[in-house]
Amino acid sequence: MIGAGPAGLSAAVEAAEAGMRVAVFDENAGPGGQLFKQIHKFFGSRDQNAMIRGFQIGRNLLARAEAAGVEVFLNAPVMGIYKNHEVLVKIEDESVHFKGDNIIIAAGAAEVMVPFCGWDLPGVMGAGAAQTLMNRHGVLPGRKVLLVGSGNVGLIVGLQLLQAGCELVAVLDAAPRVGGYGVHAAKIARTGVPFLTSTTILEAKGDGKVEKAVIRKVDSRFQVIPGTERELDVDTILMAVGLSPMTQLASCAGCDVEYSDQTGRLSCITVTDEFCETTVAGIYCCGDFRMETAEGASSAILQGQIAASHIAEQAGYITGEECGARIAKCQETLRQMSGGMFSVKNKGRVDPTETDEGYPISRSLLERGYIAEEELQNYPAASYEAEGVHPVIECVQNIPCNPCRDMCARKCILVNGDITNIPLVDQTKKCVGCGLCVANCPGQSIFLIDKTSIPDYAAVSIPYEFLPLPEEGQKGTGLDRSGAPVCDALVMSVKTSPAMDKTAVLTMKVPLKYADSVRFFKAEGGAE
Amino acid sequence: MSKIIRTAAKEPFKPEPDDDLIICRCEEVTKGEIRRAVHGGFRTTNEVKRWLRCGMGLCQGQTCQRNFQNIIAKEAGISVKDLGMISGRSPARPVMIDVFANEVIDAEKDPEGK
Amino acid sequence: MACATAYNLAKRGMKDIIVLEKKEIGNGGSNRNAGGVRQSARDVRELPLAMYAVSRIWPHLGEELETDVEYVQRGNLRLGKTEAHKKILEAHTAKSTKVGLDVRMIDGEEAREICPYMSEEVTSASWCPTDGHANPLKTTLGYYRMALRLGVTFITGVTVTGIRKAHGKARIVQTDDGDYEGEKILLCAGWESRKIADTAGIELPIIPERNEVLVTEMEPEMFPVMLGTADSDFYGHQSKHGSFVMGGNSGIQQYYSMPDGAHHPTGPLTAPKISRGIISYFPVLKNAKIVRSWAGYYDVCADKVPVIDQIPEVPGLYIAAGFSGHGFGISPAVALAMSELILDGSSHTIDISPLTYDRFRAKG
Amino acid sequence: MDITKQRRIQEHPILGSYEKGRVVHFTLDGKDMEGYEGEPIAAALKASGVMTHRYTAKHHKPRGVFCAIGRCTDCVMIVDGIPNTRTCITPLKEGMAVQAQYGVQTKEEWEASQEAKDGE
């Protein structure tokens with residue numbers, strides 16, 4: 001196994017549990033690949049790690065690998081792959097030859113970087129670099145940050161920058177719309193970060209390091225609109241333009257590597273069949289982000305399992321029947337997770353006007369990163385009125401995720417049919433205001449609203465993942481979905497619990513007429 | 001790689017305003033140099049790489065390959081799919097000569113390394 | 001060879017030149033080598049080509065091709081550590097001086113004066129101050145670019161499968177893209193020339209031998225000389241860029257894997273072996289990092305010198321192949337000789353008479 | 001820079017406090033620096049506000065951390081005398097001597113070689 005990330009580890013576990021002898025080589029000092037810098041709760045279904053934070057998934061996988069007797073070599077970069085499945089591995093100061101019956105290349109992806117004037121100045125980095133610095137090493141990547149790219153990676157990193165205490169000056173996208181999930185964008189937008197769509201970066205300026213970014217508008221054909229240049233004061237520019245598979249080891253082994261639009265855009269991938277086997281028999285390749293599903297790591301895990309099952313069957317460790325069943329299950333999950341309006345077949349090609357259910361698409365969410373208040377009426381779960389506390393679900397795109405349904409002990413929330421369907425509220429069931437749906441929605445798009453318990457006021461409960469955690473009785477400002485101040489707000493309670501896994505549920509009192517507007521709390525005098 | 005008929009460019013080279021943009025960070029190769037190479041007759045990823053060294057530095061093209069391919073493709077009026085790729089070669093990461101020299105072949109027979 | 005010959009022909013006004021190539025420009029040995037421009041330690045039969053190239057072509061080649069071919073004429077050291085090595089070096093030196101080459105034996109001390117980074121274990125060396133090195137990529141591609149400018153057409157992505165006669169003369173080049181016709185046909189396809197020549201009834205005693213080259217990261221400028229060893233542990237130089245480009249072979253790898261044409265795989269044993277060779281002569285390089293290795297095939301001829309000839313049995317067919325791993329340095333001279341063969345009927349500037357295609361005889 | 005004054009996240013809403021090695025001392029171009037043992041050299045430098053890791057060979061442009069996972073090789077420096085060391089994946093140790101890289105040399109070597117070139 002080359003690479004101890006999600007694909008490599010899950011394949012290793014699968015193969016080892018089938019009785020095969022497995023060695024995993026990874027160039028990093030720690031296992032887990034990029035999982036350990038993923039601190040958000042994953043989308044998906046419950047049996048596919050939904051609601052679990054990436055680093056925890058990594059820990060779980062490692063524990064399973066250890067239990068299965070997988071041998072993991074760290075600080076062990078594979079130097080080359082040769083004929084007859086031979087590899088040369090650097091281990092300390094030696095070059096060690098190993099041979100395997102099979103090789104799985106799970107070497108991951110690299111960030112795509114798009115050149116612009118000044119992109120080589122210190123202070124311009126990949127978004128993943130910032131993630132590594134802050135989430136693995138606890139170091140601030142910068143103070144005032146501009147994020148270029150609003151795909152899911154960018155949006156996830158955007159929130160993490162805020163959590164780390166950086167100022168996020170803006171999120172840019174050359175496309176006329178936010179690329180990633182609306183719910184990810186909304187988390188950032190409500191803290192007051194502007195989304196600048198149809199905007200590109202022209203130049204990074206500064207004396208020896210980034211001091212300013214020059215941005216400008218483009219039209220729908222990505223042509224520059226003259227005279228729209230603007231300067232932003234930033235010390236860090238992060239690029240989150242995409243990921244592309246690392247193919248050089250596969251290429252070194254003689255596997256066919258080609259440009260393909262399998263991912264929805266042209267990228268260079270290692271050619272594989274449905275079992276992840278490359279054009280060189282016995283060499284497999286998986287988990288390199290070619291599948292743009294809800295969570296790259298989740299599909300990597302599934303691909304690892306498919307490859308390992310196929311190998312185990314070929315080598316006689318499991319029956320064809322067993323292998324077929326395992327692979328079919330993984331493939332069905334992959335299919336579900338890659339469905340919806342963000343699926344490969346839809347991405348970048350169609351601009352849907354309505355959801356699978358026939359609701360109109362929120363244009364504001366696509367263009368500005370938050371739902372406009374007047375659009376809410378289009379979505380039943382976001383706009384109904386009810387007595388007492390009840391969940392309001394502002395999840396309005398078809399994304400593959402359903403833990404809200406599983407979290408509600410009262411069965412208030414439904415996700416019918418495909419996992420990509422938009423959640424609904426069963427108004428015949430009575431919400432008790434436990435807040436587990438609020439805390440565990442990976443999109444942080446569920447709020448509890450109570451318009452009837454306090455005269456003239458409403459209680460609004462929001463998910464909250466920032467420090468310092470506000471306290472009961474604290475005064476502050478209620479912000480709307482765009483982060484604009486709306487009214488005074490008073491913290492009524494701040495709930496945390498192990499079941500909420502570090503997402504606090506903050507309940508604030510706001511004037512009744514702002515109940516449908518306020519979606520974030522800013523403490524008085526303090527930073528958000 | 002598909003058939004390419006190559007003859008000298010008929011038009012003179014036309015400079016563009018962002019020709020001094022760095023494309024290959026390791027070897028500091030600019031967009032203009034790449035465009036000029038294509039104008040001079042180089043038509044594949046490897047030819048441009050060998051002529052200019054883009055993709056030949058420490059990172060071996062991991063950051064810039066796609067970017068310089070886009071420029072070649074645009075300049076030559078062909079798809080990046082038809083340019084070929086930089087072949088992956090050992091070592092996948094820079095490795096010191098004395099580590100390369102220090103081979104252990106029988107790790108399997110002597111797993112303790114004694 | 002093809003790029004340089006096409007350039008020489010076009011420079012003399014020849015029209016309608018087409019170069020056919022299976023893959024891309026510079027895919028063969030002229031690109032895949034360590035850049036030696038050497039006269040020393042050559043077989044005397046090809047020495048006139050080397051001496052002509054060094055004295056008359058290389059010094060001005062960059063100017064002529066309008067690109068920096070990174071030619072550096074600062075000498076070649078061929079190193080020895082043992083008495084046996086010394087004997088090998090002395091034998092070469094004696095042969096070369098007899099035909100007028102400025103090469104001499106020096107001891108370890110003097111070698112270290114020329115190149116101070118060398119191990120104390122080096123006890124002898126042959127020293128040829130007029131040797132040097134150049135950048136094979138820039139040279140080959142530079143010839144291509146100039147040939148293109150002079151009106152030559154290059155067609156890549158076309159695989160030649162055979163050569164056919166018409167009216168008793170070589171005329172048709174068969175390819176996977178249909179037939180191409182030429183009044184004169186030059187075959188210079190490295191080790192693959194053999195199977196193509198076969199189709200025209202000519203057998204060339206040439207076999208492929210895989211060699212690999214290691215390239216290091218950029219290092220501070222350390223030595224300008226071209227290096228080799230009596231034992232052929234490795235050969236190479238430091239390029240203008242700063243990287244060391246060092247080649248060699250494992251001595252056994254060629255028996256394991258034959259070329260498959262598309263992929264030029266490196267073997268798992270070769271790079272470590274070359275690395276050991278480098279360190280044993282230049283311990284100072286032990287921390288230099290290798291960033292890449294690559295493989296190429298020598299077109300090894302039975303007697304280790306090339307065939308550069310026109311073929312009387314197949315009028316119109318010319319062959320330049322079998323350079324046996326030392327063709328790059330002489331390629332500008334070979335191209336000149338070949339262009340004269342093609343245009344004038346004989347190579348009148350440089351004597352290539354010992355390099356005929358029909359020189360091979362059974363021993364004993 | 002004193003470790004307590006560095007640009008570090010003291011407490012993170014999700015990750016809490018970070019598991020770190022002991023505080024170690026190293027030098028950057030001779031200046032005393034502090035960082036945590038085992039963290040990448042680049043992380044310690046970033047925490048101290050160091051942006052420039054090297055100057056390029058051809059155009060002499062400053063470069064810093066770019067990918068932070070050992071792939072782009074932009075963050076290389078001279079570490080304990082060895083140039084082109086990827087600081088984003090090389091763990092920090094007590095007493096390390098880290099130097100900005102000019103081309104592939106130290107500033108002094110580079111300046112000397114430039115003078116020699118100018119003299120030619």
Side-chain angles (χ1 to χ4, degrees), chain A residues 27-29 33-34 36-37 39-41 53 55 75 77 108-111 113 118-126 128-143 159-160 162-166 206-210 235-236 239 246 464-469 501-504, chain D residues 1 3 5-21 34-56 58-75 77 86-93 100:
Chain A
E27 64 173 324
N28 295 292
Q34 308 308 318
F36 281 92
K37 64 190 193 194
I39 62 168
H40 64 286
K41 291 178 179 173
R53 297 187 191 272
F55 62 92
N75 293 313
E111 294 191 87
M113 303 291 189
W119 75 308
D120 52 340
L121 270 183
V124 179
M125 294 191 287
Q131 218 179 10
T132 303
L133 285 169
M134 58 191 178
N135 297 345
R136 300 232 35 186
H137 308 305
V139 170
L140 289 170
R143 291 185 202 281
L159 179 69
Q160 293 171 358
L162 298 171
Q163 291 174 329
C166 302
D207 182 13
K209 58 181 193 294
V210 173
D235 61 18
T236 302
M239 270 188 273
M246 306 278 288
Y464 198 87
E465 286 189 347
F466 302 96
L467 287 180
L469 205 53
D501 186 17
K502 302 278 179 15
T503 314
Chain D
M1 191 193 276
I3 204 131
K5 299 196 181 96
Q6 292 181 354
R7 299 157 90 170
R8 292 180 185 272
I9 304 164
Q10 296 311 325
E11 214 194 340
H12 190 281
I14 310 299
L15 298 163
S17 55
Y18 292 80
E19 263 179 52
K20 286 287 181 184
E34 282 186 1
Y36 291 106
E37 186 170 53
E39 70 180 355
I41 297 167
L45 294 175
K46 194 85 181 168
S48 297
V50 175
M51 297 294 281
T52 303
H53 287 221
R54 66 183 181 107
Y55 292 87
T56 59
K58 213 153 122 186
H59 300 310
H60 197 59
K61 290 283 181 60
R63 292 281 174 83
V65 175
F66 191 59
C67 85
I69 53 171
R71 288 179 185 166
C72 77
T73 65
D74 248 337
C75 69
M77 300 179 86
R86 290 176 292 167
T87 56
C88 70
I89 53 160
T90 303
L92 183 65
K93 289 182 193 139

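Residue numbers start from 1 in every chain, and the chains themselves are labelled A, B, ... in the order their sequence lines are given, proteins ahead of strands.
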### Contacting region of A:A29 [heavy-atom separation from chain D under 4.5 Å]
neither

### Task
Using a cut-off of under 4.5 Å on heavy-atom pairs, state which of A:Q131, A:Q34, A:R143, A:H40 scores highest against chain D.
A:R143

### Task
Please step through side chain to side chain contact (heavy atoms under 4.5 Å, CB included) for the pair D:T52 and A:K209, ending with a clear verdict.
CA-CA 8 Å; D:T52 303; A:K209 58 181 193 294; 5.7 Å; no

### Message
Under 4.5 Å from any heavy atom of chain D, what part of A:M239 do you find: side chain, backbone, both or neither?
### Response
side chain

### Query
Is chain D contacted by the side chain of A:D501, its backbone, both, or neither, given a heavy-atom distance below 4.5 Å?
neither

### Summary
Whatever's closer than 4.5 Å to a heavy atom in chain D on A:N75 counts as neither

### Query
From D:K46 NZ over to A:T132 OG1, what is the distance, rounded to the nearest 0.5 angstrom?
12.0 Å

### Message
Ignoring hydrogens, what is the shortest heavy-atom contact between A:F55 and D:L15? Give both atom names and the distance.
### Response
CE2-CD2, 3.8 Å

### Query
Is it the backbone or the side chain of D:R71 that comes under 4.5 Å from a heavy atom of chain A, or both, or neither?
side chain

### Query
For the residue pair D:F66 and A:A129, what are the closest heavy atoms and their distance?
O-CB, 3.3 Å

### Where D:V65 and A:M125 come nearest, the two heavy atoms and their spacing
O-CG, 3.1 Å

## Note on the structure
When the 4.5 angstrom heavy-atom criterion is applied to A:E27 and chain D, the contacting part is side chain

### Message
Show the nearest heavy-atom pair for residues A:P122 and D:P62, with the distance to one decimal.
### Response
CD-O, 3.4 Å

### Task
Tell me, with the steps shown, if D:K20 and A:H137 meet side chain to side chain contact (heavy atoms under 4.5 Å, CB included).
CA-CA 8 Å; D:K20 286 287 181 184; A:H137 308 305; 4.0 Å; yes

### Distance in Å, A:M113 CE paired with D:C67 SG, rounded so as to fall on 0.5 Å steps
6.5 Å

#### Entry: Top of D:A43, D:C88, D:C75 for chain A proximity - count of heavy-atom pairs under 4.5 angstrom
D:A43

### Query
Closest heavy-atom contact between D:P13 and A:K502?
O-CD, 3.7 Å

### Smallest separation among heavy atoms of A:L467 and D:H12, with atom names
CD1-C, 3.6 Å

#### Entry: Side chain / backbone / both / neither for D:I14 at chain A, heavy atoms under 4.5 Å
both

### Message
Heavy-atom cut-off 4.5 Å, strictly under: side chain, backbone, both or neither for A:R136 against chain D?
### Response
backbone

### Message
With a 4.5 angstrom heavy-atom cut-off, is it the side chain or the backbone of A:K37 that approaches chain D, or both, or neither?
### Response
side chain

#### Entry: More than 12 heavy atoms of other groups within 6.0 Å of D:K5 NZ
no

### Message
My understanding is that only one of A:L133, A:L140, A:V139 makes a side chain to side chain contact (heavy atoms under 4.5 Å, CB included) with D:R7; could you say which?
### Response
A:L140

